[in-house]
Trainee: 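One structure, pasted below without further comment.
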Amino acid sequence: MAVTDPKPRVSLEQITALAKRRGFIFASSEIYGGIGGFFDYGPLGAILKRNVKDAWWREMVELRDDVVAFDSSIIMHPSTWVASGHVGQFVDKLVDCTNCKHRFRLDHLASREQCPDCGMRGTLTEPRNFNLMMQTSVGPLEDSAARTYLRPETAQGIFVNFKNIYQSARKRPPFGVAQIGKSFRNEITPGNLTFRVREFEQAELEFFVPDDGNDVAWYERWVEARKRWYSQYGVTPERLRFYELKPAERPHYAKAGIDVEYLFPWGWGELESIAHRGTYDLDAHMALSGKDLTFFDEASKTKYTPLLIESSAGMDRTTLTMLIDAYADEVVRDAESGKETRRTVLRFHPKIAPVQVGVFPLARNKPELVAFARRLESSLRPHLRSQYDEGNVGQLYRRQDEIGTPFCVMVDYQSLGDDTVTVRDRDTMRQDRVNVEGLQSYLAARV
Ligand code: GAP
């Protein structure tokens, strides 16, 4: 697909600086120098990520009657990872530089002649396999019997529980199981802020269908559903693509696969993979465990192994996408003075904006304005994500624009007389005079 907007609106450095300055994303354990591939979400980032996860959960679970919820443990029996193929095959090819000691993924190197970091020729080692699973040990003895792994994907918790789930939920294929949770991968080269990290959250849907010839139609339906989800939250269509994997690019057992990709400042990057995985996963667990994970159809008294359609989205990558996609640096003209100024604004969709409405008094040293604004903000709080703030008016608006607040409410002297306030729209910067009584419904209609 042609890149219609190759110019990034924001650099990685700009977004990293804004993320730190405004409390979206911090390097983990920064006071000790950080630890590569781990990040913390600040006060606004934590809300943004939660909103992204909630938006996924709402659409994929709450609004459907054919998907049930699940939450499995991070540490599972080590045999899980033998059956899934992760012990044997979840590897990246790794190359070391004998001069600068830096490590590279073989598939990230343009050439094997020269180290991309120190520039020396002939210093790169032969590639060797590096398993990406993080090991840990369970119990007081650190012997090999206690060794297991932090899960590299949440999906396996669903597969091994397939029978428990369908029996307890009284579901029959076609139906799905959804889970959001942490996964861990010992990435060789973490980077690009939270894009490639070693601890991250996945939102996975495992949708089981009967082998009745409708499986590909189900796969296509899920691809369409995921397209709708991204567009619903305003991700710029030109920066999003659904890349269909060629047969050689997908695992041998997969009938079809699509990578959802976003055009990041550093190029296209994967947000989600959607795949038709056949019976591969259930078959693998049945073979190793010796347990029956087929579906028994009471009506026809037959049993069969359902086919699987999977949608697996990275919540950290999606949150980063929302942050980057919302970013705009623009020149704006003041309606009254005509003066032009620059502003940075995050045009978050109101549903995922960490703060939906800011409420301020025109002057912080006027107790009646402060009391009015505080009262108003606490009346909005049960209904919207609101924030009270006070200070210089220009700075208040600048700050709220930079954290992506769609609406700002100003309490001024007129408010004291007629119970009206001004509501400023983040995107158009238009100001409406609104009656306090109708304010909540005015805002609710717009978020
Ligand atoms: N169960 C299928 C599965 O795990 P995947 O393509 O390996 O598929 C799914 O991972 C999604 O998880 C990716 O599209 C990405 O969004 C996210 N993800 C994977 N590795 C990641 C990493 N190191 N850092 C952040 N997100 C990652």
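Each ligand, and each atom within it, is numbered from 1 in the order the structure gives.
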Trainee: Based purely on interatomic distance, does Glu206 place a nitrogen or oxygen under 3.5 Å from a nitrogen or oxygen of ligand 1?
Mentor: no

Trainee: Between the candidates Phe159, Tyr262, Phe90, Phe200, which shows the shortest non-hydrogen contact distance to atom 18 (N) of ligand 1?
Mentor: Phe200

Trainee: Would you say Gly314 has any N or O atom under 3.5 Å from an N or O of ligand 1, going by distance alone?
Mentor: yes

Trainee: Are the ring centres of Phe295 and Tyr304 closer than 6.0 Å?
Mentor: yes

Trainee: Quick check for you: to the nearest 0.5 Å, what is the distance between Leu106 atom CG and Lys93 atom NZ?
Mentor: 8.0 Å

Trainee: With ring centroids as reference points, do Trp268 and Tyr262 lie under 6.0 angstrom apart?
Mentor: no

Trainee: Within a radius of less than 6.0 Å around CZ of Arg430, do more than 12 heavy atoms belonging to other residues, nucleotides or ligands occur?
Mentor: no

Trainee: Of all the atoms in ligand 1, which lie at a distance below 4.0 Å from a heavy atom belonging to Glu272?
Mentor: 14 (O)

Trainee: Considering residues, nucleotides and ligands other than Lys20, do more than 12 of their heavy atoms fall under 6.0 Å from its NZ?
Mentor: no

Trainee: For atom 15 (C) of ligand 1, what's the nearest protein heavy atom and its distance?
Mentor: Arg317 NH1, 3.5 Å

Trainee: Is the Phe195 to Phe264 ring centre distance short of 6.0 Å?
Mentor: yes

Trainee: What's the shortest distance from atom 11 (C) of ligand 1 to any protein heavy atom, and which residue and atom give it?
Mentor: Ser312 O, 3.7 Å

Trainee: Give me the ring orientation class for Phe242 and Tyr230: parallel if the planes are under 30° apart, tilted from 30 to 60°, perpendicular past 60°.
Mentor: perpendicular

Trainee: Just to confirm my output: which protein heavy-atom neighbour is closest to atom 14 (O) of ligand 1, and how far is it?
Mentor: Glu270 OE2, 2.6 Å

Trainee: Would one find an N or O of Gln202, backbone or side chain, under 3.5 Å from an N or O of ligand 1?
Mentor: yes

Trainee: For atom 7 (O) of ligand 1, which candidate among Arg185, Gln156, Glu153, Arg277 provides the closest heavy atom?
Mentor: Arg185

Trainee: Using a strict 4.0 Å cut-off to heavy atoms of Glu310, name the atoms of ligand 1 that fall inside it.
Mentor: 1 (N), 2 (C)

Trainee: Could you establish whether Asp316 and ligand 1 come within less than 4.0 Å of each other, counting only heavy atoms on the residue side?
Mentor: no

Trainee: Taking N or O atoms only and a 3.5 Å limit, does Phe195 qualify as a polar contact for ligand 1?
Mentor: yes

Trainee: Side-chain contact test, heavy atoms from C-beta onward, threshold under 4.5 Å: evaluate it for Tyr41 versus Leu48 and give yes or no.
Mentor: no

Trainee: Identify the closest protein heavy atom to atom 8 (O) of ligand 1: which residue and atom is it, and at what distance?
Mentor: Ser273 OG, 3.6 Å

Trainee: Atoms of ligand 1 less than 4.0 Å from Glu187 heavy atoms?
Mentor: 22 (C), 23 (N)

Trainee: Check this for me, if you would: do Glu201 and Lys49 make a salt bridge, where the nitrogen-to-carboxylate-oxygen distance has to be below 4.0 angstrom?
Mentor: yes

Trainee: Just to be sure I read this right, does ligand 1 sit under 4.0 Å from the backbone of Leu271, its side chain, both, or neither, counting only heavy atoms?
Mentor: backbone

Trainee: Is the shortest side-chain N to carboxylate O distance from Arg128 to Asp92 below 4.0 Å?
Mentor: no

Trainee: Any nitrogen or oxygen of Val197 lying under 3.5 Å from a nitrogen or oxygen in ligand 1? Just yes or no.
Mentor: yes

